[in-house]
Amino acid sequence: MTEELVFYTNPMSRGRIARWMLEETGVPYRTEIKTFDGTIKGTDYLSVNPMGKVPAISHRGTIVTECAAICAYLADTFPEKELAPRPKERGSYYRWMFFAAGPLESVVTIRMLGFVTPADKARSVGYGSFGDVMDTLEKAVTDNPYIAGDRFTAADVYVGSHIGWGLNFGSLEQRPAFADYLGRVANRDAYRRANALDDEAMQDMQLKAHSH
């Protein structure tokens, strides 16, 4: 059992990011779907993630939560897949992955909830302003074809997921640079497989809900 890779998720969550990364690695894993109104707060799952949130993975006794961490962990753990950064790519790889996990995630969430940071408090928050973050994200996706340089890495899974989500739900500005970048990173078999698996899981959940 300790050899097993277990993926805890819900298809209507950020778990879709981790699913894409898992499919990029091509390693076998077992999926456990957690329901928001039930098993996600169960005692057994809280021992995996005390936050009671998905996604999480358990690999050979190591538990990893947080999407960016899962992406980085899987890239490092399966180096033969070449999803981790080469030495010269590390700066951009870590810079933009943490930028997406910090300022981008924060400002999008705050804005979605209807809050606006007062201009005189912009220095106190890690993201500054929404405009600052959009301009900086545009730089991230236009400096090179991919986040870390000229090839696809785990950072593209993470940043690309944020951009895909943001364009789809209107939480990001509709900039041509974002759409162009998403077109590059989403045109992958692993991305299509991951979406198909999560869409199927979502249908199964809906069927079970209606049958009760």
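This one's a predicted model, so the numbers in the text were calculated from it and none came from an experiment.
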Looking at side-chain heavy atoms only, is the closest gap between V159 and L104 below 4.5 Å? no
To the nearest 0.5 angstrom, please state how far the [atom1] atom of [X] sits from the [atom2] atom of [Y].
X: R175; Y: M134; atom1: CZ; atom2: CE; result: 7.0 Å
X: L5; Y: R60; atom1: CG; atom2: CZ; result: 9.5 Å
X: N195; Y: E23; atom1: CG; atom2: CD; result: 10.5 Å
X: M12; Y: M205; atom1: CE; atom2: CE; result: 4.5 Å
X: D198; Y: T31; atom1: CG; atom2: OG1; result: 8.0 Å
X: M202; Y: N10; atom1: CE; atom2: CG; result: 9.5 Å

Only counting residues at least two apart or in another chain, list the ones meeting side-chain hydrogen bond (donor to acceptor under 3.5 Å, both in side chains) with [X].
X: N49; result: none
X: T35; result: T39
X: D180; result: none
X: K53; result: none

I need the single residue from V54, T9, I40 that forms a side-chain contact (heavy atoms from CB on, under 4.5 Å) with I33. Which is it? T9
Matching residue for V141 among V185, D156, I147 - test: side-chain contact (heavy atoms from CB on, under 4.5 Å): I147
Measure from the side-chain N and O atoms of S92 to the backbone N and O of E89, and report whether any donor-acceptor pair falls under 3.5 Å. no
Do E138 side-chain atoms and F178 backbone N/O form a donor-acceptor pair below 3.5 Å? no
In terms of ring plane angle, is the pair W96 and F99 parallel, tilted or perpendicular, where the classes change at 30° and 60°? perpendicular
Please give me the minimum heavy-atom distance between A18 and F7, naming the atom from each residue. CB-CE1, 3.6 Å
Non-neighbouring partners of K41 that pass side-chain contact (heavy atoms from CB on, under 4.5 Å), sequence neighbours left out: none
Who pairs with D189 by side-chain contact (heavy atoms from CB on, under 4.5 Å), at least two apart in sequence or on another chain? R192, R193
Among pairs that include at least one residue of residues 128-162, which meet ring-ring contact (aromatic ring centres under 6.0 Å, His included), considering only residues two or more places apart or in two chains? Y158-H162
Can you list every ring-ring contact (aromatic ring centres under 6.0 Å, His included) pair that touches residues 34-57, not counting sequence neighbours? Y8-Y45
F98 CZ: over 12 foreign heavy atoms closer than 6.0 Å: no
Enumerate the side chain to side chain donor-acceptor pair (under 3.5 Å) contacts for residues 115-132, please, sequence neighbours excluded, ordered by first and then second residue. T117-Y127, S129-D132
Is [X] salt-bridged to [Y], cutoff N-O under 4.0 Å?
X: K139; Y: D143; answer: yes
X: R188; Y: E24; answer: yes
X: R16; Y: D199; answer: yes

Check for me, please, whether I17 and M97 land in the same ILVMFWY cluster - side-chain distances under 4.5 Å, paths through other members count. yes
Using the test ring-ring contact (aromatic ring centres under 6.0 Å, His included), find all partners of F115 that sit at least two apart in sequence or belong to another chain. none
Set of residues satisfying ring-ring contact (aromatic ring centres under 6.0 Å, His included) with respect to Y181, sequence neighbours excluded: none
Check the pair L137, L172 against side-chain contact (heavy atoms from CB on, under 4.5 Å), reporting the backbone distance first and the verdict last. CA-CA 10 Å; L137 182 63; L172 289 187; 4.1 Å; yes
Under 3.5 Å, which donor-acceptor pairs do the side chains of residues 62-81 form with other protein atoms, sequence neighbours left out?
residue: Y73; atom: OH; partner: H59; partner atom: ND1; Å: 2.8
residue: T77; atom: OG1; partner: Y73; partner atom: O; Å: 2.6
residue: K81; atom: NZ; partner: T25; partner atom: O; Å: 3.2

Does the side chain of R14 come under 3.5 Å of the side chain of S161 through a donor N or O and an acceptor N or O? no
